[in-house]
Amino acid sequence: KMDVKQLDKLAKEKAPMPNGLPMYEQCYYIASRGLYEQYDKKVITLEEAKREKKEVLMAYEVEKAQWQLFLGMHEIADKLKQLKEDGFNTHLELEVLDLIERFLK
């Protein structure tokens, strides 16, 4: 997992996209690389690149939040399955409730 600055650096250098990135990081990298290339070739102005970069960053943040929610829901589903298989388990029930509360905030 990489952060935006690392992805930007790689995109600007036209480095290969790292393997194993979550989809939202892949999309950010590809969009950023495209913006750098378009700006370098004078297809878009600096102002256009900055405006579009803001849009890409907003989409990245939305997708990142959705990815984290997906992972959290998957963790909750695993715990619920374990509860169903194991029967009642106070510690496990509290874990599930904590997970649900964390992801519903």
Side-chain angles (χ1 to χ4, degrees):
K1 199 170 168 184
M2 303 184 84
D3 66 23
V4 172
K5 288 184 180 189
Q6 293 169 311
L7 291 169
D8 272 332
K9 184 176 186 292
L10 293 173
K12 191 171 189 174
E13 295 170 351
K14 298 179 179 113
M17 184 172 63
N19 293 329
L21 294 177
M23 183 59 77
Y24 69 95
E25 289 180 355
Q26 291 177 26
C27 291
Y28 180 84
Y29 170 82
I30 291 167
S32 293
R33 184 179 62 193
L35 286 173
Y36 284 119
E37 288 176 6
Q38 290 176 27
Y39 175 72
D40 288 345
K41 293 177 181 177
K42 310 269 189 259
V43 174
I44 59 174
T45 65
L46 181 59
E47 292 76 29
E48 289 171 317
K50 286 180 179 180
R51 182 181 50 77
E52 290 181 22
K53 184 65 166 219
K54 284 182 185 177
E55 294 291 324
V56 170
L57 276 169
M58 287 189 322
Y60 168 87
E61 291 300 331
V62 168
E63 294 296 323
K64 181 179 177 182
Q66 289 177 344
W67 179 252
Q68 290 169 341
L69 181 61
F70 169 77
L71 291 178
M73 296 305 283
H74 185 70
E75 187 177 357
I76 290 169
D78 286 346
K79 295 291 183 188
L80 289 171
K81 181 180 175 191
Q82 186 180 350
L83 260 179
K84 186 177 179 181
E85 291 171 357
D86 295 351
F88 291 100
N89 175 327
T90 305
H91 176 73
L92 188 56
E93 290 169 3
L94 290 174
E95 265 187 70
V96 170
L97 291 174
D98 286 344
L99 285 169
I100 292 170
E101 183 179 1
R102 184 172 67 198
F103 286 101
L104 293 180
K105 286 184 181 181

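We use all heavy atoms of the structure for the numbers below, so side chains are in, but hydrogens, waters and symmetry mates are not. Throughout, residue positions are numbered sequentially from 1 according to the sequence presented.
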At what distance, to the nearest 0.5 angstrom, does [atom1] of [X] lie from [atom2] of [Y]?
{"X": "Q66", "Y": "Y24", "atom1": "CD", "atom2": "OH", "value": "12.0 Å"}
{"X": "D40", "Y": "K12", "atom1": "CG", "atom2": "NZ", "value": "8.0 Å"}
{"X": "E52", "Y": "T45", "atom1": "CD", "atom2": "OG1", "value": "8.5 Å"}

Transitive ILVMFWY side-chain link [X] to [Y], under 4.5 Å:
{"X": "Y28", "Y": "F70", "answer": "yes"}
{"X": "V62", "Y": "I30", "answer": "no"}
{"X": "M2", "Y": "L35", "answer": "yes"}
{"X": "I76", "Y": "L71", "answer": "no"}
{"X": "L7", "Y": "M17", "answer": "yes"}

**OP:** Decide yes or no for L57 and K54: does some side-chain heavy atom of the first lie under 4.5 Å from some side-chain heavy atom of the second?
**Re:** no
Subject >> Over 12 non-hydrogen atoms of neighbours within 6.0 angstrom of NZ in K53 >> reply: yes
**OP:** Please check if atom OH in Y39 has more than 12 non-hydrogen atoms from other residues, nucleotides or ligands closer than 6.0 Å.
**Re:** no
Looking at [Y], is its backbone amide N or carbonyl O close enough to the side chain of [X] to form a donor-acceptor pair, meaning the two atoms are under 3.5 Å apart?
{"X": "E63", "Y": "Y60", "result": "no"}
{"X": "Q68", "Y": "A65", "result": "no"}
{"X": "Q26", "Y": "L21", "result": "yes"}

**OP:** Considering only NZ, NE, NH1 and NH2 on the basic side and carboxylate oxygens on the acidic side, decide whether K9 and D3 come within less than 4.0 Å.
**Re:** no
Subject >> Considering all heavy atoms, the nearest L10-P18 contact >> reply: CD1-CG, 3.5 Å
Original post:
Which heavy atom of S32 sits nearest a heavy atom of V56, and at what distance?
Top reply: OG-CG1, 4.4 Å
**OP:** Check the pair E37 / K41 against salt bridge (charged side-chain N to carboxylate O under 4.0 Å, His left out), numbers first and verdict last.
**Re:** CA-CA 6 Å; E37 288 176 6; K41 293 177 181 177; 5.1 Å; no
Subject >> Between D8 and Y29: side-chain donor-acceptor atoms closer than 3.5 Å >> reply: no
